[in-house]
Amino acid sequence: MNNEKIKSAPNFIKNIIEEDLKSGKHTHIVTRFPPEPNGYLHIGHAKAICINFGLAAEFNGECNLRFDDTNPEKENAEFVNSIQEDIKWLGFQWHDKAKYASDYFDQLYDFALFFINNGLAYVCDLDANQMKQYRGTYTEDGVNSPNRNRSVAENLELFNNMKLGKYADGSKTLRLKIDMSSPNINLRDPVIYRIKRAHHIRTGDKWCIYPMYDYTHCISDALESITHSCCSLEFEDHRPLYDWIVAHLYAAKLLPCHPQQIEFSRLELLYTVTSKRKLNQLIQEKVVSGWNDPRLPTISGMRRRGYTANGIKLFAQRCGVSKSPNIIDFEFLENAIREELENEAIRVMAVIKPLKITLINFDATTKSKSVPFHQHQALHGERELTLTKEIYIEQSDFMERPIENWQRLAPGKEIRLRHSYIIKCEQVIKNNANEIIELKCSLDPLTLGANPQGRKVKGVIHWVSCTLALPVKLRMYDRLFTTARPHGEISDFNHNSLVEINALIEPDATKVQPETRLQFERIGYFIADRYDSKPLAPIFNKIVDLKNTWLEKNK
RNA sequence: AGGGGAGUCGCCAAGUGGUAAGGCAUCGGAUUUUGAUUCCGACAUUCGUAGGUUCGAUCCCUACUUCCCCUGCCA
């Protein structure tokens, strides 16, 4: 993809960064991509990745990868690995080594002591239910915790005991002392530490207390000298808390900088779902095969489906960055993918619903010709294509009584066989049930690689040799849900989202390596499945259909 | 209802007190051994609504309206 294209689109975050660079607030920027390792990355993450890594690249800065691993109950190593693999596959490289919020647990603990010592945090005995009662509502102020005025010494001792494991899970929390009557509920004495005896993927059983996201994230950003912390819109309400925490620590010279949180709107797609909960449900109920099912908008799913990293990046770039709510049609993604595939995919022929043709005046047993794998991209090379007396064409490429503007085969009509001769339908053979079972055609021997004299022949159709073509399995995919805005219910699931069919393909096309993308001419783009393909026996996943304006109009 | 955001072409999205970029889609037309690709052309007298300020407003002010987010010891 042309990098100029990426640089040309302005957006409000770039404007902020340009301003900061111009004013001298920053001389160099650092961003971060901070996933929680509790699931696989999806197209929404791809947008965030493109924004954060893209910004760093464009302004010659750096982008960190930091796992937000503060809730050990939900996180595991499989997700840590898949996330790294997906980011690398997209073509991005994080700065330095991958970082983890858990790298900062010791510092986070010390900072908690700082807040306690300054009378800005206290240990609270309220349980979850009570805390909810005390928190108030949107319209009613909250009520101070009875433990809000504990002495520093007592808080210190209690917090130390929490860390030592002297209390049961959930029985105590450490809270910031801010304002129980704030209209922003995030500021009503937020919990920053909870007791949770869970095994952590990196710190094991060292801790039984874990810091909360709001407390951890801003401090981690500052510790990593992040300049611009870009996240999605739902964190707007958290920014005052982010700033509150960082400001105190920064003023005390405990933090090197005060990063700026900037929020953008998430990506939403029609006909699919991206929430981890909903994706997980589809997987649990086995309506899809796993996180990398080609129908899923997960990065690994899209990879397996055959989407290219550049196509996904092009899509993200075209979506832009803003704060306005947006819902994008799945076709918008498919268009970007198709655009990237146009030059990349080699062309070969396959027939799905065969109709036999006998070339009545074909006077050899075989006739071979070297033809290009791509009409406009010579670098893809050529292969030997062999014509035989009997071939198959697509049933849909013949009409006994053709409709208007029919550019394919019909009785008495001429069309070109792709990369081969012009043929003319001389006779239609039917069985007892009056079904067309074969066509007898003549070929014009002067039209191999040449246009016919004195007449113009318009249609071109694909074909395979009856004797040489090889059978192969095609997995035809369609949208995940039948409704435009699915909530993830199985009732909306598109049960035709995967249909396996058989096809006959030209022999050279069976030699492709897994993950090779190709176009079956006039059918669509396909990829040899990276997991299920065997040597000389690929299984092809349909990536996306070819655009077909004629078919659209004649539906 | 309290707080925080957002409303510019079918879908995204720039823009700014000086008279509406761009992309995708769509519609014409040309080229084409993929009805694909490519190429040319068309596509917002108008910026949620109503007032106001101004020589001039999508941009500033006021009111209204619609949509999204927030009452986890999730992130």
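Reminder, nothing fancy here: chain letters follow the sequence lines and each chain counts from 1.
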**Report entry** Among B:rC12, B:rG2, B:rC73, the one nearest A:Thr139 by side-chain distance
**Finding:** B:rG2
**Report entry** Results of side chain to side chain donor-acceptor pair (under 3.5 Å) for A:Lys47 - residues two or more places apart only
**Finding:** none
Report task. Using a 4.0 Å heavy-atom cut-off across all strands, classify A:Thr137 as base, sugar-phosphate, or nothing. Result -> base
Query raised in the report: How are the rings of A:His42 and A:His45 set relative to one another: parallel (under 30°), tilted (30 to 60°) or perpendicular (over 60°)?
Result: tilted
Query raised in the report: Can you check the A:Asp214 CG to B:rC70 P distance for me, whole Å?
Result: 13 Å
Shorter than 3.5 Å, N or O on both sides, protein versus nucleotides 47-49 of chain B: list them out with atom names.
none

**Report entry** B/S/- contact track for nucleotides 32-43 of chain B, protein heavy atom under 4.0 Å
**Finding:** -BBBBB------
Query raised in the report: Which part of the nucleic acid, if any, lies within contact of A:Thr70, taking any heavy atom under 4.0 Å across all strands shown: a base, the sugar-phosphate backbone alone, or nothing?
Result: sugar-phosphate
Where do N or O atoms of nucleotides 29-31 of chain B meet protein N or O atoms at under 3.5 Å, pair by pair?
none

Query raised in the report: When the distance from NZ of A:Lys74 to P of B:rC74 is rounded to whole Å, what number comes out?
Result: 8 Å
Report summary line: Contact check, residues 184-200 of chain A vs RNA chain B, heavy-atom distance under 4.0 Å, returns A:Ile185, A:Val191, A:Arg194, A:Lys196
**Report entry** Near-ring test A:Tyr210/A:Tyr193, centroid separation under 6.0 angstrom
**Finding:** no
Query - Residues A:Arg66 and A:Glu224 bridged, charged N to O under 4.0 Å - result: yes
Query raised in the report: Side chains of A:Leu120 and A:Leu176: does their closest heavy-atom pair fall under 4.5 Å?
Result: no
Query raised in the report: Can you name the salt bridge (Lys or Arg N to Asp or Glu O under 4.0 Å) partners of A:Lys196, sequence neighbours left out?
Result: A:Glu73
Query raised in the report: Would you call the rings of A:Phe330 and A:Tyr307 parallel, tilted or perpendicular, where under 30° means parallel and over 60° means perpendicular?
Result: tilted
Requested in this report: Please indicate yes or no: is the ring centre of A:Phe332 less than 5.5 Å from the centre of the six-membered base ring of B:rC11, with the two planes inclined by under 30 degrees?
Outcome: no
Query raised in the report: Which ranges of RNA chain B pair up as stems, where a stem means three or more consecutive Watson-Crick or G-U pairs with both distances under 3.5 Å?
Result: B:2-7 with B:65-70, B:10-12 with B:22-24, B:26-30 with B:38-42, B:48-52 with B:60-64
Query raised in the report: Would you call A:Asp444 and A:Arg455 a salt bridge, taking side-chain N to carboxylate O under 4.0 Å as the test?
Result: yes
Report task. Would you mind classifying the nucleic acid contact of A:His238 as base, sugar-phosphate or nothing, using non-hydrogen atoms under 4.0 angstrom? Result -> base
Query raised in the report: Which part of the nucleic acid, if any, lies within reach of A:Leu126 when heavy atoms closer than 4.0 Å are counted: base, sugar-phosphate only, or nothing?
Result: base
Query raised in the report: Do A:Arg175's NZ or CZ and the ring of A:Tyr122 fall within the cation-pi criteria of under 6.0 Å and 45°?
Result: no
Report task. Report, as a single string ordered 5' to 3', how protein heavy atoms within less than 4.0 Å touch nucleotides 4-9 of chain B: B base, S sugar-phosphate only, - not at all. Result -> SSSS--
Report task. Name the nucleic acid region contacted by A:Met131, choosing base, sugar-phosphate or nothing; use a 4.0 angstrom heavy-atom cut-off, strictly under. Result -> base
Query - Residue list, salt bridge (Lys or Arg N to Asp or Glu O under 4.0 Å) with A:Glu263, at least two apart or on another chain - result: A:Arg239, A:Lys323
Report summary line: Taken in chain and number order and not counting sequence neighbours, the residues that satisfy salt bridge (Lys or Arg N to Asp or Glu O under 4.0 Å) with A:Asp103 are A:Arg202
Query raised in the report: Of all residues at least two apart in sequence or in a different chain, which pass the side chain to side chain donor-acceptor pair (under 3.5 Å) check with A:Tyr167?
Result: A:Asn161
Report summary line: On RNA chain B, more 5' by nearest nucleotide between A:Asn335 and A:Tyr213 is A:Asn335
Report task. Kindly say whether the aromatic ring centers of A:Tyr213 and A:His217 come within a distance under 6.0 Å. Result -> yes
Query raised in the report: Just checking A:Tyr210: base, sugar-phosphate only, or nothing, at a heavy-atom cut-off of under 4.0 Å?
Result: nothing
Report task. Identify, between A:Asn15 and A:Asn71, the residue whose nearest nucleotide on RNA chain B lies closer to the 5' end. Result -> A:Asn15
Query raised in the report: Which residues satisfy the salt bridge (Lys or Arg N to Asp or Glu O under 4.0 Å) test with A:Arg522, sequence neighbours excluded?
Result: A:Asp397
